[in-house]
Amino acid sequence: ELMNSPDAKGLIDGENAVVDLPEWSLGPAVRHLLPSFSALGDEEYSFRFEMSVRRVGATWSAWVGAASLGPAPFEPISSAAAGLTSDVDVFVAADPVDAVRLRLRLRTRDPARLLGALWFLALSACDPASREAGSSPVAAGGVRLPVPVESQMERPESIRLRICSPTSVAMVLGYWGRPVEVPALAAAMFHAAL
């Protein structure tokens, strides 16, 4: 996780900024990677993640771009390279990787102001295929919570690819005894810019 990190290197050109983040070393058997970004403030912005991975014992992959999020899309770059693909905002490596390079491409009226404010970037990484069927390992000292399972892909086609956050929130609310219908929650949480 990075928050206004001095290790992040940024290049600003007009309304565009590119922030290269430090290399992240990962644990063994990582194949699914999900970056997330949020900036506080009232500035409207668009962003896209670009990723390169290093497979165990191999060289770095080419850069792969996720979908543009926000009102001003970016020029497309490949959403697939040898061994790495992107589906909207999730990157999937064909083989386990041990390191990630991540780049944030940002477009807003004043990128320096946005990046000078409070912002947060996180990377979640796992490999669901490494789990045995029916098992769910918990790290030492960890706790397994019986959060109800929801799938955004079981929702109407018109929204299913854009409701990962409402689906996750619905699962947490269900755990706390406050069940809610995902489409209704998605409508209540809708953020036009993103």
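The shortest side-chain heavy-atom distance between L102 and L121 falls under the 4.5 Å cut-off. The shortest side-chain heavy-atom distance between I163 and P166 falls under the 4.5 Å cut-off. Residues S61 and V53 form a side-chain contact, since some pair of their non-hydrogen atoms from C-beta on lies under 4.5 Å apart. Looking only at side-chain heavy atoms (C-beta outward), E44 and P71 come within less than 4.5 Å of each other. Considering only heavy atoms from C-beta on, L123 comes within 4.5 Å of V100 through its side chain. By the 4.5 Å heavy-atom criterion applied to side chains, W119 and S38 are not counted as neighbours. Annotation: side chain of E50 is not in contact with side chain of R101 (no heavy-atom distance under 4.5 Å).
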Start with the C-alpha gap between R103 and W63, add the side-chain angles, then the distance that decides, and say whether side chain to side chain contact (heavy atoms under 4.5 Å, CB included) holds.
-> CA-CA 9 Å; R103 178 181 293 152; W63 287 94; 3.3 Å; yes

Derivation and outcome, salt bridge (charged side-chain N to carboxylate O under 4.0 Å, His left out), residues R54 and D98 | CA-CA 6 Å; R54 186 179 64 207; D98 65 355; 3.1 Å; yes

Applying side chain to side chain contact (heavy atoms under 4.5 Å, CB included), run through F120 and F37 and close with a yes or a no.
-> CA-CA 6 Å; F120 178 80; F37 173 73; over 6 Å; no

Might you work through the side chain to side chain contact (heavy atoms under 4.5 Å, CB included) test for D110 and E15, ending with a clear yes or no?
-> CA-CA 6 Å; D110 187 354; E15 293 186 341; over 6 Å; no

Begin from the C-alpha positions of L106 and L115 and carry the test side chain to side chain contact (heavy atoms under 4.5 Å, CB included) through to its verdict.
-> CA-CA 9 Å; L106 187 65; L115 292 172; 3.8 Å; yes

Run the numbers on E154 and R160 for salt bridge (charged side-chain N to carboxylate O under 4.0 Å, His left out), then give the verdict.
-> CA-CA 7 Å; E154 295 172 358; R160 72 174 63 156; over 6 Å; no

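The pair R31-D95 does not meet the salt-bridge criterion, since no charged nitrogen lies less than 4.0 angstrom from a carboxylate oxygen. The pair E150-R155 meets the salt-bridge criterion, with a side-chain N (NZ, NE, NH1 or NH2) lying under 4.0 Å from an Asp/Glu carboxylate O. Between D42 and R109 no salt bridge is recorded (no basic side-chain N to carboxylate O distance below 4.0 Å).
The hydrophobic cluster containing Y45 does not contain V18, counting ILVMFWY residues as joined when their side-chain heavy atoms lie under 4.5 angstrom apart, directly or transitively. Taken together through direct or relayed side-chain contacts under 4.5 Å among Ile, Leu, Val, Met, Phe, Trp and Tyr, L145 and V172 form part of one hydrophobic cluster. In the hydrophobic cluster analysis, where Ile, Leu, Val, Met, Phe, Trp and Tyr join through side-chain heavy atoms closer than 4.5 angstrom, L69 is grouped together with L33. If you chain together hydrophobic residues whose side chains sit under 4.5 Å apart, M51 and W60 never meet in one group. In the hydrophobic clustering of ILVMFWY residues, with side-chain heavy atoms under 4.5 Å counting as a link, L104 and W24 come out together.
Residue A66 comes nearest to S86 through the heavy atom pair CA-OG, 3.3 Å, listed as atom of the first residue, atom of the second, then distance. The two atoms that bring A17 and I12 nearest to each other are CB-CG1, 3.9 Å, heavy atoms only. Across L114 and A39, no two heavy atoms sit closer than the pair CD1-CB, 3.6 Å. Between S52 and L84, the shortest heavy-atom distance links the atoms CA-CD2, 4.4 Å. Closest heavy-atom contact between R48 and P76: NH1-CA, 4.0 Å. For the residue pair A72 and S46, the shortest heavy atom distance occurs at N-OG, 2.7 Å.
Residues T108 and E43 have side chains that bring a donor and an acceptor to within less than 3.5 angstrom of each other.
Of the possible donor and acceptor atoms, one in the side chain of S68 sits under 3.5 Å from a partner among the backbone N and O of F74.
Screening residues 67-93 for salt bridge (charged side-chain N to carboxylate O under 4.0 Å, His left out), with sequence neighbours left out, gives no hits.
Residues satisfying the side chain to side chain contact (heavy atoms under 4.5 Å, CB included) criterion with A81, sequence neighbours excluded, are A62, V64.
Taking CE from M153 and OG1 from T167, the interatomic distance works out to 10.0 Å, rounded to the nearest 0.5 Å.
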